[in-house]
Each structure stands twice: as structure tokens, then as C-alpha cells.
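In what follows, a structure is listed as C-alpha cells, so that the remarks can point back to it.
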Amino acid sequence: MALGIENNYRRIRHEIDETARYCRRDPDRIRLIAVSKRKSAELIQQALDGGARDFGENYIQEAVSKIDLIGKDTACWHFIGHLQSNKARFAVQYFDYIHTVDSLKLAREINKQAAKRDKVQKILIQINIGNEASKSGAGAEQAVELVNAVSQLDQIAVKGLMCMPPFFPDPENARTYFKQLNRLKEQVESSGIGNIDLTHLSMGMSNDFKVAIEEGSTMVRVGTSIFGERD
Ligand SMILES: *Cc1c(COP(=O)(O)O)cnc(C)c1O
């Protein structure tokens, strides 16, 4: 069992590489973010031993104590949970990427905190692609306007779009949402906003990362298939 997480990580990485080759994409352009929410620093260490260098966390307090243990510079840390403005300070202090920016208000707070640390914070704009009442994210119809406004902030670099489509047992059903996010990225890119570099599409989880890669994902966020079920 000691090798479980290391092996899981390597297996998922291999599946990503195979999927990329199958759809004629460069595997090196697809980052595997190991989602370690509710998993201990010890288990994160096992993933590191398996080669993981990107980790995703959802809860600020929990993440901060684990990152202090493991070391901020040991890995690239991605914040993928819902972020409240009053926690933006910690997100900026601890995370290399914040994937879940969905309002100008939150972006302004991140910008303010980043200015204090003399940091340019990399962020992604989260889009509620399925228009689900229960999910955060900006509406797709607001994307161009929001990216435009956020990209004016000096201490923020907009790096891409993120989504979390509705869950389907059959990942094929998620394909249409991944396609929509990719199309939205193209739309934003061709809208003439200066000073943005939308490299990333953060989409795909344990159940549907292969479909997401086929539709252009550059960051897949995989938890359960690496660390096992969460309590
Ligand atoms: C928990 C979580 C994941 C990982 O989900 P799994 O199904 O366990 O792979 C990915 N993205 C976000 C935003 C999450 O909250």
C-alpha cells in the first residue's frame, strides 16, 4: 500500500501522455494537478515521491498548514476552491495559481494583496459553464467583459479559463461543456483584449480528464484517482 499513491500518480500521468498522443497533442503541455484536499501532508509527500509537482487545494486554512509543512517552493500550488475575499491574502501568499476568480470584486482584492507582496498573481477565470445554480463561476456571457476588466489590474496575470461541468457517470456527456469552454477561450482571445496570455484551460477531473484533454485541457485536476476516496 505504501507505493499506492506513487503508482497511482504515475499511472494517471501515463494515461494523460497516451491520451495526448492519441489526439496529437504534446503531452508536455498538459499539467497534472494532484488534488490533495482533505489528504494529509504525508500523503502529499508520497505523491511528490511519485513525481507530482503540481497540487490543488480547496480550503485555505487546511492548505496553509500543509504547505508550511511541505514547503512552498517544493511544488507548484494551485488554489481550486471557492475563494472568499477575506481569505485572498492567504491565497496570494501561498498559491502560485488561483483558478477560481469569478468576479471583479475578488480580482480587485487579489490585486491589492499581490501589490503588498510585490507579486504578480497568476489567476484563471472560473466559468459556470453548465449554468448551475449550485456552482460558482462567472456566466459565459460575462467572460469577455470580466477578462477585460481583470486584465487591467497591474498585479494580476490572467492565464486562462477554468470550469467544473455538471457530473455525469459517463464522461462523454461532459464533452460538450469542455468544447464550450475551449470555444469561449477562443472568443476571448479574438476579442482584442491586450496584455493577456490565455495559455490554460483548467478542466477535467478523475472521471473525465481524458475527454477534457481531447477537447484542449492544459491542466487536469485529479484527486480521487491518485489519493483514493475522500472521507
Ligand atoms: C475535488 C476537486 C477536484 C478533484 O476531483 P476528483 O473527482 O476527486 O478527481 C477537481 N477540481 C475541483 C475544483 C475540485 O474541487
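In listed order, ligands and their atoms are each counted from 1. Treat the numbers as computed from the prediction; the structure is a model and nothing was measured.
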Using distance alone, with no hydrogens and no angle criterion, decide if Thr218 and Arg31 have a side-chain donor and acceptor under 3.5 Å apart. no

For residues 33-44, the side chain to side chain donor-acceptor pair (under 3.5 Å) pairs (sequence neighbours left out) are Ser36-Glu57

Between Tyr9 and Asp49, do the side chains contain a donor N or O and an acceptor N or O under 3.5 Å apart? no

Report yes or no: do Asp96 and His78 form a side-chain donor-acceptor pair below 3.5 Å? no

Over 60° means perpendicular and under 30° means parallel, so classify the ring planes of Phe55 and Phe227, tilted if in between. tilted

Protein residues having a heavy atom less than 4.0 Å from any atom of ligand 1: Val35, Lys37, Asn58, Ile80, Met162, Met164, Met205, Ser206, Arg221, Val222, Gly223, Thr224, Arg230

Are Phe79 and Met164 grouped together when hydrophobic residues (ILVMFWY) are joined by side-chain heavy atoms under 4.5 angstrom apart? no

